[in-house]
Amino acid sequence: MATFVLLHGAWHGGWCWEKSATVLSGRGHRVTRPTLTGLGERAHLLTSSVGLDTFRQDIVNHLLAEDLSDVILVAHSFGGIVATLVVDEIAERFCRLVLLDSDLAIGGCSTFDLLAEDVVSSRLANLVDVRGVPCFPSPSGRTLGILDNGLARSTESRLTPHPVKSYQDIACLTRAQGAGLPGDYIICSKPNYGLSDTGAPKAQKLGFTIHELETGHDAMITEPFLLSDLLDQISSAA
């Protein structure tokens, strides 16, 4: 059986993986779903110093503390940026990288550098202050591709503002993008959030296998069972 580390994206926390983690655990896999500093149940830890390196260290420390190896790292959305840095540092702990509607970090670039100028301008124009920390406000569920009103409302109630510093920080890589790991890229196509337009071509150049789920960006919330089935298949083929 496989060992999965499920890494959330901006605004979310480990909570968003609950249903998929339950399914995968029920099939005998070992599953962890850490939450990044300042988000989710760790929102009280948000300070002005929390940024991309904090998030990298969160996941590196998680793997070391839990003594996890031969890991399939599944990273959603902004989590793919963090995952790129983590596998760059401790590639020997992983056997596969799975990007869920995500992107990869580029050495010498910030996450803002990977986004369209109008997207960056819009986000910077709508920042909120959280105890003196500039943050992106939580988006609507519909923005994340959650079209069911009840599910959208329950998700919105758990989202937390995300520190802008993590999008401004420059990514530093010492290895080739993806650290030479085999991988998979999952496109969430209905509706298309947009990250796959840049993320999928990068993953394809790295030799990753491309998959598609006909659901919104937050597939682990809208289609947790279909996503679990796909991750199970990926682990069997690894």
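Starting from 1, each residue takes its place in the sequence as its number. What you see is a predicted model, and the numbers here were worked out from it, not measured in a lab.
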How long is the span from the [atom1] atom in [X] to the [atom2] atom in [Y], to the nearest 0.5 Å?
| X | Y | atom1 | atom2 | answer |
| --- | --- | --- | --- | --- |
| Asp232 | Ser20 | CG | OG | 11.0 Å |
| Ser110 | Ile81 | OG | CD1 | 9.5 Å |
| Leu73 | Leu63 | CG | CG | 7.5 Å |
| Arg27 | Thr22 | CZ | OG1 | 11.5 Å |
| Leu45 | Leu39 | CG | CG | 10.0 Å |
| Gln177 | Leu104 | CD | CG | 4.5 Å |

For [X] and [Y], test the side chains for any donor-to-acceptor distance below 3.5 angstrom and give the result as yes or no.
| X | Y | answer |
| --- | --- | --- |
| Asp101 | His76 | no |
| Ser77 | His217 | yes |
| Thr3 | Asp70 | no |
| Ser154 | Ser157 | no |
| Ser189 | Asn192 | no |
| Thr35 | His8 | no |

Could you state whether [X] and [Y] fall into the same hydrophobic cluster, counting links through intermediate Ile, Leu, Val, Met, Phe, Trp or Tyr residues with side-chain heavy atoms under 4.5 angstrom apart?
| X | Y | value |
| --- | --- | --- |
| Leu36 | Leu64 | yes |
| Val86 | Ile170 | no |
| Leu213 | Val23 | no |
| Ile146 | Phe225 | no |
| Tyr193 | Leu147 | no |

Side-chain touch [X]/[Y], heavy atoms, less than 4.5 angstrom:
| X | Y | answer |
| --- | --- | --- |
| Val50 | Val133 | no |
| Asp184 | Leu99 | no |
| Pro34 | Val5 | yes |
| Phe112 | Gln168 | yes |
| Phe136 | Leu127 | yes |
| Met220 | His12 | yes |
| Asn149 | Arg142 | yes |
| Phe4 | Leu231 | yes |

Do side-chain atoms of [X] reach the backbone of [Y] as a donor and acceptor pair under 3.5 angstrom?
| X | Y | answer |
| --- | --- | --- |
| Asp58 | Thr37 | yes |
| Glu156 | Gly141 | yes |
| Trp11 | Pro137 | yes |
| Asp218 | Ile221 | no |
| His29 | Met1 | no |
| Ser196 | Gly199 | no |
| Asp169 | Leu52 | yes |
| Ser102 | Gly80 | yes |
| Ser122 | Asp118 | no |
| Thr143 | Pro139 | no |

Between Thr198 and Leu114, is a side-chain contact (heavy atoms from CB on, under 4.5 Å) present by the stated rule, with each step listed? CA-CA 8 Å; Thr198 55; Leu114 309 180; over 6 Å; no

Pair Leu7-Val82, side-chain contact (heavy atoms from CB on, under 4.5 Å): steps then yes or no: CA-CA 9 Å; Leu7 176 56; Val82 180; 4.1 Å; yes

Using a strict cut-off of less than 4.0 Å between a Lys/Arg side-chain nitrogen and an Asp/Glu carboxylate oxygen, indicate whether Asp67 and Arg93 qualify as a salt bridge. yes

State plainly whether the residues Asp88 and Arg56 are in salt-bridge range, i.e. N to O under 4.0 Å. no

Of all the heavy-atom pairs spanning [X] and [Y], show the shortest one and how long it is.
| X | Y | value |
| --- | --- | --- |
| Thr111 | Ser166 | OG1-O, 3.9 Å |
| Cys188 | Leu100 | SG-CD1, 3.7 Å |
| Cys95 | Leu181 | C-CD2, 4.4 Å |
| Leu227 | Ile186 | CD1-CD1, 4.0 Å |
| Thr160 | Gly40 | OG1-N, 3.1 Å |
| Pro161 | Val128 | CB-CG2, 4.4 Å |

Kindly check if the number of other-residue, nucleotide or ligand heavy atoms within 6.0 Å of CD (Glu117) is above 12? no

Answer yes or no: does atom CD of Glu214 have more than 12 heavy-atom neighbours from other residues, nucleotides or ligands under 6.0 Å? no

Ring geometry between His162 and Tyr167 (parallel below 30°, tilted from 30 to 60°, perpendicular above 60°): perpendicular

I'd like to know whether Ile234 forms a side-chain contact (heavy atoms from CB on, under 4.5 Å) with His211, so could you lay out the CA-CA distance, the side-chain angles of the two residues, the decisive distance to 0.1 Å, and finally the verdict. CA-CA 10 Å; Ile234 287 170; His211 311 267; 3.9 Å; yes

Would Leu159 and Leu144 count as a side-chain contact (heavy atoms from CB on, under 4.5 Å) if you check the C-alpha gap in whole Å, the side-chain angles of each, and the deciding distance to 0.1 Å? CA-CA 11 Å; Leu159 298 174; Leu144 299 171; 4.0 Å; yes

